[in-house]
Amino acid sequence: MAVSWSGQALMIVPTYNERENLARLVAALRGLPGDVHVLVVDDNSPDGTGQIALELAARDPGVFVLQREGKLGLGTAYKAGFAFGLARGYQYLCTMDADFSHHPASVPALLEKAASGYDLVVGSRYVPGGRIVGTTPWRQFVSYSANWLAHVLLGVTVRDCTAGFRCYRRRVLETIDLDAIFSSGYSFLIEMAFHCQQAGFRIGEVPITFVNRTEGASKISKREIYKAFYTLLRLRTSMLPWERMVALYQRHRARRLPMEDR
Ligand SMILES: Nc1nc2c(ncn2[C@@H]2O[C@H](COP(=O)(O)OP(=O)(O)O[C@H]3O[C@H](CO)[C@@H](O)[C@H](O)[C@@H]3O)[C@@H](O)[C@H]2O)c(=O)[nH]1
């Protein structure tokens, strides 16, 4: 099948305990039209996902594995994947979950939109045509809240800035200072969306149907959710001009000092 994008794409798939999903996912991605390679970034999953990834890579030169020594977080897994993809010259560096909540059939739409002039394309639940199937009301509430706060506090215009289904043009990842991103976990996604927008990159969204996983378990914890809200506040603070921060501090001190010491 002909594709409207040219160059090589790398699908970066972070994994932690995804043995039921990985082989099927890699087969589906490698069956896509165009030159789509796969990088599995596994954090020494206790269920043996890393071993499965190595076996897949041994059979297929378009499949690669980064094995890390332990669970180092989703954000750092993305960073390791970006470093790998940039070093190998990929034009499009995409990220997705391993559990089919992001369906491989949506990948061509992301690549096509990126090729049409977008620097970052997000597979979005929250644009017209996007849908969510099978998630809990609590997860839905957390997701809506994080996206709403990102919009209100940071002015982020991406509707689904917590989505991990993305396609970056390589110039984005060459420009953004990835070492300056402080989130090691899920909130990395909010931070990246924020920095891409601040840097003036053109960001687009394509609707996807997000289907909650049927195999394995989610790794998102309450701690990761708190960290996402902390990230939103920290980024908001970073937007304040320095003078404004100093003025706020002085006003705060002035209120606490007796009149004669001011
Ligand atoms: N290497 C590595 N992979 C990880 C880690 N934690 C999670 N993963 C992998 O990252 C992907 C997403 O993790 P899930 O645990 O399946 O996430 P979720 O709860 O379904 O969260 C979804 O919603 C979030 C909020 O909207 C999204 O941020 C996220 O991308 C995902 O779509 C999966 O492939 C999972 O194996 C980690 O510490 N290290």
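For the numbers below, each heavy atom of this structure counts, side chains included, while hydrogens, waters and symmetry mates do not. Atoms within a ligand are numbered from 1 in the order they appear, just like the ligands themselves. As the structure is a prediction and not an experimental result, all values here were calculated from the model.
In summary, the atoms of ligand 1 found under 4.0 Å from a heavy atom of H102, numbered by their order in the structure, are 32 (O). Near L189, meaning under 4.0 Å from one of its heavy atoms, ligand 1 places the atoms 28 (O), 30 (O). Every atom of ligand 1 with a heavy atom of A77 under 4.0 Å away is listed here by number and element: 1 (N).
Inspection of the E215 and N21 side chains reveals no N or O donor paired with an N or O acceptor under 3.5 Å. For the residue pair N212/S101, the side-chain donor-acceptor check at 3.5 Å is not satisfied.
Considering each of F165, Y186, Y16, F188, the one bringing a non-hydrogen atom nearest atom 13 (O) of ligand 1 is Y186.
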So F201 and Y118, ring pair (Phe, Tyr, Trp, His ring centres under 6.0 Å) or not? Walk me through it. CA-CA 8 Å; F201 285 114; Y118 288 86; over 10 Å; no
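Taking 4.0 Å as the cut-off between side-chain N and carboxylate O, D43 and R68 count as a salt-bridged pair.
Within the structure, ligand 1 lacks M96 among the residues with a heavy atom less than 4.0 angstrom away. Heavy-atom distances between F210 and ligand 1 reach below 4.0 Å in at least one pair. Note on ligand 1: S101 sits outside its first shell, no heavy atom being nearer than 4.0 Å.
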Quick one: side chains of residues 184-192, donor-acceptor pairs under 3.5 Å with protein atoms, not counting sequence neighbours, listed by atom name and distance.
from : atom 1 : to   : atom 2 : distance (Å)
Y186 : OH     : I220 : N      : 3.4
S187 : OG     : S183 : OG     : 3.3
S187 : OG     : T231 : OG1    : 3.1
E191 : OE1    : F182 : N      : 3.3
E191 : OE1    : S183 : N      : 2.9
E191 : OE1    : S183 : OG     : 2.6
E191 : OE2    : F182 : N      : 3.1

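Counting non-hydrogen atoms of other residues, nucleotides and ligands closer than 6.0 Å to CZ of R131 gives a total of 12 or fewer.
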